[in-house]
Structure formats: structure tokens, C-alpha cells
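First listed ligand is number 1; within each ligand, the first listed atom is number 1. Worth saying up front: this structure is predicted, and the values here are computed from it rather than measured.
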Amino acid sequence: MKSTVKSFSVEYFQVLDSEGNVDNSLMPNIPESKIKEIYHLMVLVRTFDEKLFKLQRSGKIGTYAEVRGEEASEVGSAMALEKEDWMCPSFRETGVFITRGAPRDKIVQAWRGDVRAFKGDKKNLPVAIPVGSQTLYATGIAWASKLKNEKDITIVYFGDGATSEGDFYEAMNFAGEFKLPIIFFCQNNQWAISTPRKSQSASETIAQKGIASGVYSVQVDGNDAVGVYKITKEAVDRARNGEGPTLIESITYRMGDHTTSDDSSRYRTEEEVKYWLARDPLLRLEKYFRNINTWNDEYGRWVKETCEKEVDEAIAKALAIEKPGPDELFDYVYAVMPKELQEQKKELEEEVKQRGL
Ligand SMILES: Cc1ncc(C[n+]2csc(CCOP(=O)(O)OP(=O)(O)O)c2C)c(N)n1
Ligand SMILES: [Mg+2]
């Protein structure tokens, strides 16, 4: 006897195509003013990128990971959350921090390597550099919310590369089994530094990696801000209603280099970049506004100028903050500092004093 015991499918959603045409059957219940707000935030994120890139090149920050190309994925998803929801980022979620109202100067301060920038923000966790590690503590947070009967949900962001980590599979398995209120938001931007998506995994989609764990899993066009908003909002509602986790594979593209320390022209073709430039998420929204006659160039200029001013002010404020002392290296890691670290901190403080640093 032979029978098929399980088969599965993965759905893909797109509300706005690359020409800004709407699929009315999928259009979520979203007021026009909210789409304009999303657009404004996306321009702000792009402006942030442009200015922080220059700041890095002028030596005022050590490194920067551009969002460029992923603005719809970040802003669209973050708009679907409530302020009290938990957000666990990787290192490329500047657009999510911006959308969630993080003080702009604090974001610059964080990119200057000043850990104090994250102090006091209880719902947006600090960036995670160890790839994929955030999926584990995000799952722990969601479990705590469930045990405490709280209504807040958790979203965790990570890249396509992170889905090759054991952390990711463990987190998915736990979340699926315990039906946790969590959204696994994968920004599949086609590259993990110089490793292309096709060499990352033999799994045809990233979404299907969730199905094995009993996690509802779906793909969305990550350059379609309205589509990303719709799919994330549905996942938020499901999580809040006790219906369990979702894995969203947001299909997008990292238009810039991996970070300011990378040169992507060494490992990818101009044709590929051109293909994706034509799918720029900002241009797509502009085309949409043009199609429905709610765009004019004056509005476009006003948005850009407003964003430039906002970022300039944030940078000026951040640059005026006094640098942290070397002893702060030891702070904020443990709730109670272990004895060895206390001793090392004291040693450093004495040395700094002796040398008059
Ligand atoms: C555990 C671990 N392994 C390797 C690295 C080095 N590293 C930093 S970013 C990165 C690629 C991440 O790719 P992806 O998850 O697709 O995220 P993206 O940078 O594309 O947003 C790697 C390998 C790291 N930081 N942590
Ligand atoms: Mg990637």
C-alpha cells in the first residue's frame, strides 16, 4: 500500500504590481492617508540611508547596513504592529525602528556604536549581530506573553541567510508546538553577504521551512508596501487571537552593499541590480499614486525636503552626545554583573585614571 500522507502548498501575495496597479480583490481595508504615511516613512528611511552612508564615509560612524530596496518590507510590516508589541530586529531594521517611532537621534547614536542608545526602550530590542540568534529570545518573549495571558505579540526579523541556522529551526519548532503569538518575518533579500539565495538552501521557498513545524507560512512581494502590510496585519490578528505563529517570507532585494565594508560589484551582476531597480518599492508607490491621481511633484518634493531636515537634525543631535567612557563596555550585558567583570571594570577604570585618558 502506498498513499500520500501529506502534501503542501505555499501562497504568494501581491497587491500592487511593479507598475502600481492594484489587485482590488486583495486590497486590505486601509485608508488612503495611511498609504501616504507609509510612503512618507519609506522616503525617510531612504534619506536616513543616504545620509548615514555619507556619515560613515566621512569617518563619523564605524559601519552602516543600508536598508535600500527593503523599505516596503520594513515600513509595511511595522505599520501592522501596535506600539506595545515586541520587536526583535537583526541589524538591517533601521526602517522598522523609524516606523515604530524610535527617536531618530538614538538610531544614529546606535550606529555610532553607543549601546546607551537602546536603554529605556523596552519593546524594541537592540540589534542582533549573531545571525539568527534573535529568533530564540523572540520565541521566549512570545512564550512569556502567552503564559502571562498578555495581548501583545512578538515579531522577529531576520534574513534569508539566518534560515540556515539551527536557532531558526529550534525557534520555529517551539513556536509551532506551543502555538505562540509570534511572527517570523524573513527579509529574503536574495543575498547573505556574497552567498546568493540559490546557494543558501535547497528548500525551494523559505516559507516551506515553517510548514514542517506547523507554522502557517506564506510569501509576499516584499517590494509591495500594501501587500506586506496586509499579510503582516493578518498574521498579527491571528497571533493576537490565539491562533499561533506565522512565517512570512518577504521577497525583496538588498539594493546596496551588505554593509559599508562590502563591495557587492565583486559578486553580482549589473543586470541583476537593474532588474531590481525597476522594482524599487518607492517608485511603485509613486506609480500607484499617479494611477489614482493623488500624486503631484510638489508633494514629492515636500516629502523629501521634510525628511532631509528631520535626518539632518537627528545627526546633529547625535553627534553632540558625549562619547561613552570605556568602562561602559561592561555595562548592560548582565542584570547583575559577574564578579570577574566587576574586577575587570575596576582595573580598566584605574588604568584610564592613571593614564589620564
Ligand atoms: C552566527 C553568525 N555567523 C556569521 C556571521 C557573519 N555575518 C554577518 S551578516 C551575515 C549574512 C546575513 O545574511 P542574511 O541573514 O541574509 O541577512 P542580510 O544581511 O541579507 O540582511 C553573516 C554571514 C554572524 N554575524 N553571525
Ligand atoms: Mg539576506
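With respect to Arg46 and Asp280, a salt bridge is recorded, a charged nitrogen being found less than 4.0 Å from a carboxylate O. A salt bridge between Glu310 and Arg104 is present, with a side-chain N of the basic residue lying under 4.0 Å from a carboxylate O of the acidic one.
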>> Using side-chain hydrogen bond (donor to acceptor under 3.5 Å, both in side chains), reason through Asn189 and Thr252 one step at a time and then give a plain yes or no.
In response: CA-CA 5 Å; Asn189 64 6; Thr252 181; over 6 Å; no

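Two residues are said to be in side-chain contact when any heavy atoms from C-beta on lie closer than 4.5 Å; Thr94 and Glu66 fail this criterion. Within the 4.5 Å cutoff, side-chain heavy atoms of Lys119 are placed close to those of Tyr332.
Not a single heavy atom of Gln187 sits under 4.0 Å from any atom of ligand 1. At least one heavy atom of Trp191 sits less than 4.0 Å from an atom of ligand 1.
Judged by the 6.0 Å distance and 45° axis criteria, Lys36 is positioned over the aromatic ring of Phe289. Because its NZ or CZ atom is not both nearer than 6.0 Å to the ring centre of Tyr288 and within 45° of the ring axis, Arg290 does not count as a cation-pi partner of that residue.
Vertex the Mg ion (ligand 2), arms ending at O of Trp191 and OD1 of Asn189: the angle is 80° after rounding to 10 degrees.
Looking at atom 11 (C) of ligand 1, its nearest protein heavy atom turns out to be Ile193 CG1, 3.7 Å. With respect to atom 14 (P) of ligand 1, the closest heavy atom belonging to the protein is Gly161 N, 3.5 Å. Here the protein heavy atom with the shortest distance to atom 24 (C) of ligand 1 is Val131 CG2, 3.6 Å. Scanning all protein heavy atoms for the shortest distance to atom 17 (O) of ligand 1 gives Gly159 CA, 3.7 Å. Closest to atom 15 (O) of ligand 1 among all protein heavy atoms lies Ala162 N, 3.0 Å.
Between atom OG of residue Ser250 and atom CG of residue Asn188 there is a gap of 8.0 Å, rounded to the nearest 0.5 Å.
Aromatic ring pairs are classed by plane angle as parallel below 30°, tilted from 30° to 60° and perpendicular above 60°; the pair Tyr299 and Trp295 is perpendicular. Using a 30° and 60° split on the angle between ring planes, Phe184 and Phe158 fall in the perpendicular class, above 60°.
Residue contacts with ligand 1 for Asn189 involve side-chain atoms from C-beta outward but no N, CA, C or O (heavy atoms, distance under 4.0 Å). Only the backbone of Pro130 comes within contact range of ligand 1, with a heavy atom under 4.0 Å; no side-chain atom does.
The distance from ligand 1 to the heavy atoms of Arg92 drops below 4.0 Å at these ligand atoms: 18 (P), 19 (O), 21 (O). Interface atoms of ligand 1 facing Phe91, defined by a heavy-atom separation under 4.0 Å, are 9 (S), 19 (O). Set against the non-hydrogen atoms of His258, the atoms of ligand 1 under 4.0 Å away are 9 (S), 19 (O).
Asp160 contributes OD1 as its N, O or S atom closest to the Mg ion (ligand 2).
Taking a distance limit of 4.0 Å, we find that atom 6 (C) of ligand 1 is approached by no protein heavy atom.
Judged by distance alone, the side chain of Asp257 and the main-chain N or O of Thr260 form no donor-acceptor pair under 3.5 Å.
For ligand 1, the polar-atom distance check finds no N/O of Arg254 at less than 3.5 Å from any of the ligand's N/O atoms. At least one N or O atom of Ile129, backbone or side chain, sits closer than 3.5 Å to an N or O atom of ligand 1. Between Glu165 and ligand 1, no pair of N/O atoms sits closer than 3.5 Å.
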